[in-house]
Amino acid sequence: MRPEVLYPLFAPLTELPGIGPKHASTLENLTGPHIAGLLWHLPSGLIDRRYAPKVADARTGVVATITLRVGKHRKPSNKRMPYKIYCSDDTGTLALVFFHAHPDYLLKTLPEGELRVVSGRIDKFGDEIQITHPDHIGLLEDLEKLKAVEPVYPLTAGISLKVMSKAVRGALDCAPDLPEWLDPAFQKKQRWMPWRQSLLMAHDPGEEADLQPTATARTRLSYDELLSNQLALGLVRLNLRRTAGKGIKGDGHLRAKVLEALPFKLTSSQVQALADIDGDMVSGTRMLRLLQGDVGSGKTVVALMAMLTAVEAGTQAVLMAPTEILARQHFATLQPLTDSAGVGIALLTGREKGNARKDILAGLAGGDTQIAVGTHALFQDDVDFKNLHLAVIDEQHKFGVHQRLNLANKGEAVDVLVMTATPIPRTLMLTAYGDMDVSRLLEKPKGRKPVDTRVLPLDRLQEVVAAVSRVLDAGAKAFWVCPLIEESEVIDVAAAEDRYDHLKGVFGNHVGLIHGRMKGPDKDAVMDSFINGPVNILVATTVIEVGVDIPAATIMVIEHAERFGLAQLHQLRGRIGRGKTASTCLLLYAPPLGELARARLSIMRETEDGFRIAEEDLRLRGAGELLGTRQSGLPEFRLADLTVHGDLLKAADDDAKLILQRDPDLTSERGQALRTLLYLFERDAAVKYLRSG
Ligand code: ADP
Ligand code: MG
């Protein structure tokens, strides 16, 4: 249960001053549904209104707060002209300028002959000194209040700075004093103020330096956020470890059969990873291992071998993929191999329905099916296993932590192997997995040829089509990737459908189209005719990003490559270069290229090393955007910025470990405060793993 002291912060946004249902729904997209979200919405700039010159001294282009006597109102002669009010002090005259003015309002707030304090940016129009649309108009007694440094917040369409500032102030008013969760010695050493004070300071910048992520107040808040994350991960992990593993060992007979059926030998990286996994499975502790290997490094076969160990020991295993395409592809890859070993395998996705689904569920519950491949459909409540022992989760970055746990709860002491092709930098890894054990496939299967990557402007499309045409004539297959249709609000995005129509004019029915909005069976049909049938050029959105394995595909065109993130480009490119023939990747961009996009594309041209690409990505874009975090399982931090707070993360992780060593159920006084911290940052799910609530 969320501590009562936090209730006001978790009230809906409509409780805030000035926020009605309409503003609330706009604001929600920016800050989330609760008032707490506004606390983390920190200023991105400031307006210094302390400059209070006389009219004659006022510098143009600078925000000033000036005391003026209101003079004549001059109504415009036509609607396009502004309404002007001439005001003065003893040094000169200044015009207040209003477009689309409401005269009644102006006559009321700026009555002729009265003294008023006005704050806004000083401009010059010809000889006239002006303030156009002053930000504030007040009475003389408001002068000191107006002469302040005002925070500027990131905004969104429909929310003005005024509305935002008022809402944030309202949120800050809801923020209670909270019991301190920091270690007193550590806090003292860092010279950090209590939470609430730090929060108020972060929202009240006095100078530019206070806006930096390294400013004291912001650093403390970032640390809090990181600590809550690492603590939550630690709790999850502790919970998994509490239920001891069963310790199973295979006799190798199924593995031997499959190894024989494979057309290749395992790389030494694969052999090593398997040894790590076997070691975990035999031990009495539950396995919680990450198998990290760049695209094409051969993770699937490692998963299969691990699953066979589970089967040899008389238990069941699941392999879960993030998309249906991928689940089907895994099933298609694995079935012949498991058949050769006489192992029962079934596919379960959202599409298996009715009696077919019933049969599959019966197979899993009865134990005839020893390996299940599927999507998150495997999580559903009515899916029961007779004796599930191993869960392999592929391309993990698409799943959240909760889903991972959900699956692990389907059996007793399930061993968990998470596989990711996303080369997560060390810093990020710590935030996503805590200290999960890691095996890496550093070596790629032999015989891979490097992909020749070229960067071209979109206006050379004709040449590109000609080049693709030549490659197809030689019997190869091509991917043609277009940016997401969901982003079609950007008018100039070449929607996959348009490109498909265009290419059909050139290649006729050798062109296929696949995108996320198509129905499952239609996707299957297209994939099937790309793999086996007449289609040899597949126009696709990023649905093909993850995992798709078609060795005959040796050319990839990516349109508007400048719109993709580095990690995504790397994932996409990983679809080619899997066979024995050399592959080419053509990155098409719409000029002019921004600096960031240029840097991204040149990294793509320089290297295929996923780790290097990930590090560069982190450097270029910051952790939040890396991997397109929204759909990734990586935590999104609102305050912490891992490009600058790497050391802070390390400290938070050490802190969390120590806390859980000393007080694993968070029952001490500090433990109680830490519970509040977990709720504050909405890491509620972790709290349920505490033994005493
Ligand atoms: P990823 O790690 O990206 O999931 P996959 O498991 O899909 O990679 O493997 C990519 C391709 O490499 C597949 O066609 C697979 O059959 C092949 N492969 C895997 N291991 C080896 C190996 N040791 N030698 C040769 N080819 C391999
Ligand atoms: Mg894969």
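Values below: every heavy atom of this structure, side chains too, minus hydrogens, waters and symmetry copies. Ligands are counted one by one from 1 in listed order, and the atoms in each one are counted from 1 as well.
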> With backbone taken as N, CA, C and O and side chain as the heavy atoms from C-beta onward, which portion of Lys265 lies under 4.0 Å from ligand 1: side chain, backbone, both, or neither?
Replying inline: backbone

> Excluding sequence neighbours, so at least two apart, what forms side chain to side chain contact (heavy atoms under 4.5 Å, CB included) with Val471?
Replying inline: Ala476, Thr554, Ile555

>> Closer than 4.0 Å to some heavy atom of Thr300 - which atoms of ligand 1 meet that?
In response: 4 (O), 5 (P), 6 (O), 7 (O)

>> Please list, in number order, the atoms of ligand 1 under 4.0 Å from a heavy atom of Thr267.
In response: 23 (N)

> Does the pair Asp524/Arg351 count as a salt bridge with the N-to-O cut at 4.0 Å?
Replying inline: yes

> How many angstroms lie between CG in Asp276 and CE in Met287, if you round to the nearest 0.5 Å?
Replying inline: 10.0 Å

>> I'd like to check the salt bridge (Lys or Arg N to Asp or Glu O under 4.0 Å) partners of Asp251; sequence neighbours left out, ordered by chain and number.
In response: none

> Counting from 1, what ligand 1 atoms have a heavy atom of Ser297 closer than 4.0 Å?
Replying inline: 2 (O), 8 (O)

> Any heavy atom of Gly296 sitting closer than 4.0 Å to ligand 1?
Replying inline: yes

> Quick one: do Lys257 and Asp339 make a salt bridge, cutoff under 4.0 Å?
Replying inline: no

>> At under 4.0 Å between heavy atoms, is it the side chain or the backbone of Leu266 that contacts ligand 1, or both, or neither?
In response: backbone

>> Could you work out, for atom 26 (N) of ligand 1, the closest of Pro445, Pro551, Gly574 by heavy-atom distance?
In response: Pro445

>> Nearest 0.5 Å, please: how far is OG1 in Thr349 from CD1 in Ile325?
In response: 11.5 Å

